[in-house]
Colleague: 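Before anything else, here's the structure in question.
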Amino acid sequence: MNASVPRPEGRRRPRDWLVDSGLFLLAGGYWLLATGADLTAASPPEPAWLFALPEIAGALGCVGLWLRRRWPVALATALTAVGVLTDLAAIALVVALFTVAVRRSPRTTAIVFAGSLLAPLSHLVLRPGHDLVPFLFGIVVLGGVVGWGLFVRHRQQLMQALRDRAVRAETEARLRAEQAQHHAREEIAREMHDLLGHRLSLLSVHAGALEFCPDASPEEVNRAARVIRESAHQALQDLREVLGVLRAPVGELPLPTLVDVPVLVAESGRAGMRVDLSTDVSEPAPQGVGRTAYRIVQEGLTNARKHAPGAEVRVRLAGAPDHGLTVEVHNDAPAAGREPVATLTPGQGLVGVAERVTLANGRLSHEPTTDGGWRLSAWLPWQP
């Protein structure tokens, strides 16, 4: 923390004017009382200016209190010099020392305090008639004022630290909330992609088939139209579900699991794909693992439908609690005369699948095969 007090030393606030005025009046009152006592105690010495010098120095010391906020060290040093000459500025010296202790570092305060001890020491040395009581009293007063000032400084620093900590905590809480909202948006975006991408790819494939095969038989047209209608209906249902949970926590999204993979494969088969499913799972997989596996199979089937139309697809699921879950989607090369579905922008499906597998502490690989096909495989740990 900075050595100076966090409060700025600029323009005085109304409270500062009130405090400074009260301290000036206190120091001035002491100066008036002490000056009157000196005038009645003894006759003025010759020359007259020698008698007036301590009074003038004491009065200037009292006036100097108005500068204590801006130059506390310089004022305390000057008042120490005045204190060697006269004790008429004793109150002003006490106030200046307190200001140094509050507004400057402890090291600077210790140096100024050590110098201020010259004032009571000078009275003990230069005025042999004085005993030790005033000297000790002066040291106790100066030391007590410095200790009080250091306490006030420490308290102000502590309060400033607490305020800074509160500000940092509020900022961190806001950043955590923004991060949570960002993660929620990403999760919803992934779910929308996974839920709708599969349906819309079916629509695209069969709509393209109708467009480029004008001589298709009525049975083929009816079958494609039925798939388009069913896919559009299901896509609307999925969209309603996603939009319906935007106001709910992400954990309440309708998420499929591993047991829904046969339904997904059967749906792709009804859409005209040749899909072979092989399952060798000893027991029901944990929900999180099954959900990730479902999305991997879904993405593999969607990519096979878009990039390898007419190809045979093989889906293999194998796993046990001691070995983890292995998911593999392998498609052959596109059928002769079938062109991949053109896309305007590169997909983000594999990116989302990779994120899911990474979050599950698993491994994902995707690569072309020697027969012109594509293999998407993943291993997921068997953990809740």
Side-chain angles (χ1 to χ4, degrees), residues 1-34 54 57-124 134-170:
M1 181 167 297
N2 198 328
S4 60
V5 171
R7 188 173 49 153
E9 299 179 1
R11 183 176 301 177
R12 288 183 176 89
R13 298 173 298 181
R15 177 178 178 275
D16 297 333
W17 282 104
L18 181 62
V19 172
D20 291 347
S21 299
L23 293 176
F24 172 73
L25 293 176
L26 178 63
Y30 175 81
W31 176 82
L32 289 175
L33 292 176
L60 292 177
C62 296
V63 175
L65 287 179
W66 291 102
L67 306 176
R68 69 184 184 91
R69 297 180 183 273
R70 187 177 295 272
W71 298 297
V73 175
L75 178 62
T77 303
L79 290 176
T80 298
V82 173
V84 172
L85 178 64
T86 178
D87 57 358
L88 295 178
I91 299 298
L93 176 59
V94 168
V95 174
L97 278 177
F98 175 79
T99 306
V100 171
V102 172
R103 292 181 167 265
R104 294 296 180 260
S105 66
R107 182 174 179 273
T108 301
T109 301
I111 295 174
V112 175
F113 171 68
S116 68
L117 296 180
L118 294 175
L121 182 62
S122 65
H123 289 277
L124 182 65
F135 171 72
L136 296 177
F137 177 75
I139 293 178
V140 170
V141 171
L142 295 179
V145 168
V146 170
W148 182 25
L150 291 175
F151 169 76
V152 172
R153 171 185 171 81
H154 177 73
R155 183 175 178 276
Q156 289 179 346
Q157 288 180 334
L158 179 60
M159 295 301 296
Q160 183 64 31
L162 293 177
R163 285 192 291 267
D164 294 340
R165 185 179 301 176
V167 171
R168 286 196 301 269
E170 182 179 356

Colleague: Pairs of donor and acceptor atoms involving the side chains of residues 88-100, under 3.5 Å and at least two apart or interchain, shall be tabulated with distances.
Modeller:
from: T99; atom 1: OG1; to: R68; atom 2: NH1; distance (Å): 2.7
from: T99; atom 1: OG1; to: V95; atom 2: O; distance (Å): 2.9

Colleague: Knowing that exactly one of Q156, R163, Q157 qualifies, which makes a side chain to side chain contact (heavy atoms under 4.5 Å, CB included) with Q160?
Modeller: R163
Colleague: Compare every heavy atom of R104 with every heavy atom of T109, then report the nearest pair and how far apart it is.
Modeller: OG1-O, 3.8 Å
Colleague: Side-chain donor-acceptor contacts of residues 138-151 below 3.5 Å, not counting sequence neighbours, with atom names and distances?
Modeller:
none

